[in-house]
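A short write-up of the structure that comes next.
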Amino acid sequence: MEEIVFALDIGTTKICALVGEVREGQLQIIGLGIQPARGMRKGMVVDVGEASVALAKAVEAAEQTSGYHLSEAFISMAGEHISSTNNRGAVAVGRHDTGVSSDDIARALDAAQAIPIPHNRQLVHLIPRSYTIDDQEGVRSPIGMHGFRLEVEAHIVTAASSALRNLSTCADNVGIRTNEFVLNAVASAEAVLEPNEREMGVIVADIGGGTTDLALYMQGSVWHTHVIPVGGYHITNDIAIGLRAPYEVAEQVKIRYGDCRPQEIDGDNVFTVEPFGGEKIQVGRQDLAYVIEARVEEMFQLILQEIQRSGYDGMLPAGIVLTGGTAQLRGITQVAERVLNVPARVALPRNLVGLVDSLQSPAYATGIGLLRWAMSGQQLYRPRLPQTGLWGRRVGNLLKALLPG
Ligand SMILES: Nc1ncnc2c1ncn2[C@@H]1O[C@H](COP(=O)(O)OP(=O)(O)OP(=O)(O)O)[C@@H](O)[C@H]1O
Ligand SMILES: [Mg+2]
């Protein structure tokens, strides 16, 4: 029997709606809708109406390609409002011969969750890092082990309630209930990390349009997370200012000619652009690369600062894994390696099956990872029966609702 999972990656620049079919533990992509995002800034909704219209189009495309009526989704989240901490919780192990039970683990996690959370924030993730049974530290899977005292160390992620509500309101507007929110980088990691990388120590940096999302893994689990409100948008903006050209022109220039290794580019290598005012000018690719390099270097400095702040500097032998659209920038791994002094690689989603041609990009790691997260969490749900003849109702109703009078 197959199960259907639905993921919505609502990014700053694009929305990616993916439908996955899970059969015997294998994921197949059976529906997708990719749309430019609207009403978003630095990973957060700033205009619910605009964001909902864009979302409606993506959801409709995903329904049309998959043939399913979709009613709930796993949704990615990002933004500066997200913060994380670690906490411990300990309980006495219940008295039975079978050792630690799932009930003991649930009580320990409950205890770990007892941190003061301001009323305007809410808990999003409570991820066990490791367990201690009596004096035995570093236990991965305590079920069935014997002891008197069970302690869990958990990574806790909280977010501003208003930011989450804005996201789920957009989903509600298009008839989708929020199944779970998942931090961008945690979702991306699900799509790209090898088990041995998680084991040894690795950091995933999802560098999107408006945010750089970090998730640090050690001993097989999430150890630290952070969101930096800088992304590809800022690189394009620097280029636009440098060229005195519109943002769209700068974006094209970045993608066609951009590189972050000015030393490796011939000084005679030029291209033509049309800045404001209309008179075409010639620009050196090396000069462009200097502008890009400066911003990208700054982005990795911010990542380095966060790694140092987390206290795991020097403990990431598997290095940094880059995802997000900006990871496609030429030469980005060299800058990462120079600044962080660890190996760097750009990652595409792994082991894709189904409608995958347009998903072969690091920009889709979050969407694919959401589906994998949904699978691993056993949060699968039964689809409603496919419906026909209703396509278009969402955008239509929504636009009606948004029009004045
Ligand atoms: N070939 C490329 N070279 C450099 N940058 C690129 C390339 N293709 C896309 N980008 C950049 O990637 C960014 C979009 O990445 P992505 O799709 O991961 O963002 P997002 O998920 O919408 O945003 P976020 O996750 O920050 O909310 C844009 O800034 C875009 O300019
Ligand atoms: Mg993204």
Show your reasoning for whether salt bridge (Lys or Arg N to Asp or Glu O under 4.0 Å) applies to E197 and R345.
-> CA-CA 12 Å; E197 288 175 321; R345 73 175 175 98; 2.9 Å; yes

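- The pair E251-R256 fails the salt-bridge criterion, with no side-chain N (NZ, NE, NH1 or NH2) lying under 4.0 Å from an Asp/Glu carboxylate O.
- D47 places a side-chain N or O within donor-acceptor distance of the main-chain N or O of G49, the cut-off being under 3.5 Å.
- For the pair P142 and L150, the minimum side-chain heavy-atom distance is below 4.5 Å.
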Evaluation steps, side chain to side chain contact (heavy atoms under 4.5 Å, CB included), between E2 and V22 = CA-CA 5 Å; E2 82 278 3; V22 184; over 6 Å; no

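- Between Q35 and K14 there is no side-chain heavy-atom pair separated by less than 4.5 Å.
- For the pair M315/M218, a side-chain contact is recorded, criterion being any heavy-atom separation below 4.5 Å from C-beta on.
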Is there a side chain to side chain contact (heavy atoms under 4.5 Å, CB included) between V186 and T225 once you walk through the steps?
-> CA-CA 8 Å; V186 170; T225 54; 4.0 Å; yes

Dump the intermediate steps for salt bridge (Lys or Arg N to Asp or Glu O under 4.0 Å) on R338 and E297, then the final yes or no.
-> CA-CA 9 Å; R338 189 171 71 227; E297 215 169 84; 2.5 Å; yes

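- Of all non-hydrogen atoms in D104 and V100, the two that sit nearest each other are OD2-CA, 3.6 Å.
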For E72 and R177, what are the C-alpha separation, side-chain angles and deciding distance, and is it a salt bridge (Lys or Arg N to Asp or Glu O under 4.0 Å)?
-> CA-CA 4 Å; E72 54 184 24; R177 200 182 67 80; 2.5 Å; yes

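- Electrostatic pairing of R350 and E194 counts as a salt bridge here, judged by a charged N lying under 4.0 Å from a carboxylate O.
- Contact detail for S168 and T178: the closest heavy-atom pair is CB-OG1, 3.3 Å.
- Contacts of Q282 classified as side chain to side chain donor-acceptor pair (under 3.5 Å), with partners at least two apart in sequence or in another chain: none.
- Under 3.5 Å, the side chains of N166 and T169 contain no donor-acceptor pair of N or O atoms.
- When each of I105, L109, L126 is checked for a side chain to side chain contact (heavy atoms under 4.5 Å, CB included) with V152, only L109 meets the rule.
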Intermediate values then yes/no, side chain to side chain contact (heavy atoms under 4.5 Å, CB included), H81 and M44 | CA-CA 9 Å; H81 62 98; M44 290 190 280; 3.2 Å; yes

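- Taking CD1 of I117 as the reference point, atom CD1 of I115 lies at 4.5 Å (rounded to 0.5 Å).
- Closest approach of I320 and A336 over heavy atoms only: CG2-CB, 4.2 Å.
- Within a 6.0 Å radius of CZ in R244, other residues, nucleotides and ligands contribute 12 heavy atoms or fewer.
- For residues 105-153, every residue pair satisfying the ring-ring contact (aromatic ring centres under 6.0 Å, His included) rule, not counting sequence neighbours, is listed here: H125-W373.
- Pairs passing the ring-ring contact (aromatic ring centres under 6.0 Å, His included) check and including a residue from residues 243-294, sequence neighbours excluded, read Y233-Y247, Y257-F271.
- By the neighbour-count criterion of 12 heavy atoms within 6.0 Å, atom CD of Q252 is sparsely surrounded, having that number or fewer from other residues, nucleotides or ligands.
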Please walk me through it: do L302 and T212 pass side chain to side chain contact (heavy atoms under 4.5 Å, CB included)?
-> CA-CA 10 Å; L302 293 172; T212 294; over 6 Å; no

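- For N120, the CG atom sits in a packed shell: over 12 heavy atoms of surrounding residues, nucleotides or ligands are nearer than 6.0 Å.
- Results of the side-chain hydrogen bond (donor to acceptor under 3.5 Å, both in side chains) test with S188 over D9, T366, D213 single out T366 as the only residue that passes.
- For the residue pair L316 and V202, the shortest heavy atom distance occurs at CD2-N, 3.7 Å.
- Side-chain polar atoms of Q263 and E293 form a donor-acceptor pair below 3.5 angstrom.
- Between I368 and I29, the closest side-chain pair of non-hydrogen atoms falls below 4.5 Å.
- Remark: D110 CG is packed, more than 12 non-hydrogen atoms of other residues, nucleotides or ligands lying under 6.0 Å away.
- For the atom pair N184 CG and I207 CD1, the distance stands at 12.5 Å (nearest 0.5 Å).
- Nearest approach of I265 to A289, heavy atoms of both residues: CD1-CB, 3.8 Å.
- With rounding to the nearest 0.5 Å, the separation of CD1 in I30 from CG in L18 is 11.0 Å.
- R330 and E264 are not joined by a salt bridge, as no carboxylate oxygen comes within less than 4.0 angstrom of a charged side-chain nitrogen.
- A search for side chain to side chain donor-acceptor pair (under 3.5 Å) contacts involving N86 returns R129, H155, not counting sequence neighbours.
- When only modelled atom types and interatomic distance are considered, T236 and K254 share a side-chain donor-acceptor pair under 3.5 Å.
- More than 12 heavy atoms of other residues, nucleotides or ligands shown are found within 6.0 angstrom of CD on Q28.
- Between the side chain of R107 and the backbone N or O of A92, at least one donor-acceptor pair lies under 3.5 Å.
- Other residues, nucleotides and ligands contribute only 12 or fewer heavy atoms inside 6.0 Å of the CZ atom of R38.
- At a threshold of 4.5 Å between non-hydrogen side-chain atoms, the residues Q334 and C260 do not count as touching.
- For Q308, there are no side chain to side chain donor-acceptor pair (under 3.5 Å) partners two or more places apart in sequence or in a different chain.
- Considering every non-hydrogen atom in both G79 and T211, the closest pair reads N-CG2, 4.2 Å.
- Distance check, rounded to the nearest 0.5 Å: CG of L340 to CD1 of I203 gives 8.0 Å.
- Looking at V204 and T323, their side chains come closer than 4.5 Å, going by heavy atoms from C-beta outward.
- Not one N or O on the side chain of D134 forms a donor-acceptor pair closer than 3.5 Å with the backbone of G147.
- Interatomic distance, I292 CD1 to D238 CG, rounded to the nearest 0.5 Å: 9.0 Å.
- Between the side chain of Q136 and the main chain of I133, no donor-acceptor pair closer than 3.5 Å is present.
- Using a 4.5 Å heavy-atom threshold, the side chains of L371 and F6 count as separate.
- For E137, the CD atom is loosely surrounded, since the number of other residues' heavy atoms within 6.0 Å does not exceed 12.
- A donor-acceptor contact under 3.5 angstrom links the side chains of S83 and R121, judged on distance only.
- For E151, the salt bridge (charged side-chain N to carboxylate O under 4.0 Å, His left out) partners at least two apart in sequence or on another chain are R88, R149.
- Between H224 and E306, the side chains place a donor N or O and an acceptor N or O closer than 3.5 Å (distance only, hydrogens not considered).
- M77 is listed as a side-chain neighbour of V157, based on a closest heavy-atom distance under 4.5 Å.
- Side-chain polar atoms of Y217 and W223 form no donor-acceptor pair below 3.5 angstrom.
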